[in-house]
Amino acid sequence: MKPGKAAMKEIKHHINGQYVSSCSSRLFDNVNPANGKIISKVHEAGREEVDAAVKAARAALRGPWGKMTLDERTSILHKVADGINARFDEFLEGECLDTGKPKSMASHIDIPRGAANFKVFADMIKNVPTESFEMPTPDGTGALNYAVRRPKGVIGVISPWNLPLLLMTWKVGPALACGNTVVVKPSEETPTTTTLLGEVMKEAGVPDGVFNVVHGFGGDSAGAFLTEHPQVDGITFTGEIGTGEVIMKAAAKGIRDISLELGGKNAGVVFADCDIDKAIEGTMRSAFANCGQVCLGTERVYVERSIFDEFVGRLKEAAEGMKIGPPDDAEADMGPLVSLNHREKVLSYYQKAVDDGATVVTGGGVPEMPEALAGGAWVQPTIWTGLPEDSAVITDEIFGPCCHIRPFDTEEEAIELANSLPYGLASAIWSENITRAHRVAGQIEAGIIWVNSWFLRDLRTPFGGSKQSGIGREGGVHSLEFYTEMKNICVKL
Ligand SMILES: NC(=O)c1ccc[n+]([C@@H]2O[C@H](COP(=O)([O-])OP(=O)(O)OC[C@H]3O[C@@H](n4cnc5c(N)ncnc54)[C@H](O)[C@@H]3O)[C@@H](O)[C@H]2O)c1
Ligand SMILES: O=C/C=C/C=C(\O)C(=O)O
């Protein structure tokens, strides 16, 4: 190292309560997508580190964690939440460096939800009852059945890069509340906050081995090694549909349970009787928030013909009014995409839209940014009209700040268009006619429907996708269902 030059930060695995390097010394770059600069070097786990993490997690099931009372365990999880809040600025800095997202957004959504995910599920496991049934027996004395929850065991958690802390804790919170131990493989794009959480766990009194982190990529790397590991009892995954298919195959070996929260191509349906101010504001967020990198986002918008031109004009004006900027810019509405690689994918769809004959209402390219940010993964918010429904731009999840708007004439047509793809994660319906809104909500094939809102989250509600957008539900008691084994005890009286 040259004199005066600070050493590059290294991100290590967190195994059995210790930060450890990879035996292979294989490191990969963690890049700041706002300027293309390397933030840190990340250790890539091989089979050996993954095995050590899984073994630590298994041993911890039988250690102090497994012997704690529910009160002890849940009070530790409250301390984890408090620990995240106490180190709020460090989490915020780490999340925003990894993703480039505006601090104004991450400080309202990502980090607070990271803490809330521990509190909510700690409280839930204490308050949700299990069932019991009394039954008659031929001798007249009867029997009593009662169900108890037991931890599933070692849970493998594979999480994506778009809301790194939020989506990882959405799984780790309930998994630990239910008494499991975890091995987390965060996205290679966003390793920082998951690693920092290891320190918080330790400070909060979570016993060693309960929360482990291994870093690396998916196929033929840490992700695959973890999901294929025979000592992992359950796998919870959020990410792309294609990855979900691979993980499902891995889980089949040894019959391990899975929860899959996958992608989609969500439809917004805007009726002429909507409050158009609310519909524009909500569609803006659903198309462009987090630079369009939200699984619940709306990339297909269907608008009733009588308000189509007004809606397109106003969404264009709103999109053009957005400020694009780096995390520290308090005025910024939108940051960069997560990586230059992902920008290539998004821009390929921007080109495809033009090739397929779209009218580019706004955007369609790369914004001009100041010199210091020129190496970042910036992209313009983009709106199209005029594409045929079979264009890949309409059928594929792009995961960028873009949407296509198409007019419809009848409610039936809108429902048919919304349901036309093999995905079904979320949908947003805009109408002041509440009877119609209920009627349409009941017919749209998606796991999550918002009426006159978007991304309004109550953590007690079922969350997940229908069709190819996922398997299972998390949230509320549904998370408890996945992260516990229900055992029925039948006592002859
Ligand atoms: N339904 C939801 O709740 C939800 C939430 C957020 C994101 N998503 C979806 O996630 C996607 C964006 O995230 P992404 O690009 O990080 O997804 P991704 O599938 O590429 O990666 C997600 C994680 O899986 C790992 N992985 C990749 N290949 C693997 C393999 N063969 N075995 C094991 N692990 C593997 C990655 O390293 C990463 O940690 C979008 O499709 C989005 O819709 C869904
Ligand atoms: O990008 C997808 C966002 C998912 C959000 C949640 O899982 C949540 O709010 O719990």
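Counting starts at 1 for both ligands and their atoms, in listed order. We use all heavy atoms of the structure for the numbers below, so side chains are in, but hydrogens, waters and symmetry mates are not.
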Asker: Do the two ring centres, one from Y349 and one from W384, sit under 6.0 Å apart?
Answerer: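 No; W384 has its ring centre 6.0 Å or more from that of Y349.
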Asker: Does some side-chain heavy atom of T298 sit less than 4.5 Å from a side-chain heavy atom of C403?
Answerer: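 A side-chain contact is absent here, since even the closest heavy-atom pair is not under 4.5 Å.
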Asker: Any luck finding a side-chain donor-acceptor pair between N32 and K37 under 3.5 Å?
Answerer: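 Side chains of N32 and K37: no pair found under 3.5 Å.
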Asker: Under the 6.0 Å and 45° cation-pi test, does R285 pair with W450?
Answerer: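 R285 over W450 ring: no.
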Asker: Taking atom CD of E416 as the centre, report whether more than 12 heavy atoms of other residues, nucleotides or ligands fall under 6.0 Å from it.
Answerer: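 No, because the 6.0 Å sphere around CD of E416 holds 12 heavy atoms or fewer from other groups.
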Asker: Strictly by modelled atom types, are S466 and E445 linked by a side-chain donor-acceptor pair under 3.5 Å?
Answerer: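 There is no such pair (donor and acceptor under 3.5 Å, judged by atom type) between the side chains of S466 and E445.
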Asker: Can you name the residues that come within less than 4.0 Å of ligand 2, going by heavy atoms only?
Answerer: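 Lining ligand 2: R113, N162, L163, L166, L167, W170, V294, C295, L296, F455, R457, F463.
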Asker: Present, as a list of atom pairs with distances to 0.1 Å, all nitrogen or oxygen contacts under 3.5 Å between ligand 1 and the protein.
Answerer:
unit_1	atom_1	unit_2	atom_2	d
ligand 1	1 (N)	L262	N	3.2
ligand 1	1 (N)	L262	O	2.7
ligand 1	10 (O)	G239	O	3.4
ligand 1	15 (O)	W161	NE1	2.9
ligand 1	15 (O)	E240	OE2	3.4
ligand 1	16 (O)	W161	NE1	3.0
ligand 1	17 (O)	E240	N	3.4
ligand 1	19 (O)	E240	N	2.9
ligand 1	19 (O)	T243	OG1	2.7
ligand 1	37 (O)	K185	NZ	2.6
ligand 1	37 (O)	E188	OE1	2.7
ligand 1	39 (O)	S159	O	2.8
ligand 1	39 (O)	K185	NZ	3.0
ligand 1	41 (O)	E397	OE1	2.6
ligand 1	43 (O)	E397	OE1	3.4
ligand 1	43 (O)	E397	OE2	2.6

Asker: What class does the angle between the rings of H13 and H43 fall in, given that below 30° is parallel, 30 to 60° is tilted and above 60° is perpendicular?
Answerer: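 Rings of H13 and H43: perpendicular, over 60°.
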Asker: Answer yes or no: is there a side-chain heavy-atom contact under 4.5 Å between T395 and E389?
Answerer: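 Sidechains of E389 and T395: no contact.
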Asker: Any side-chain heavy atom of F118 sitting closer than 4.5 Å to one from V172?
Answerer: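 SC-SC contact between F118 and V172 confirmed.
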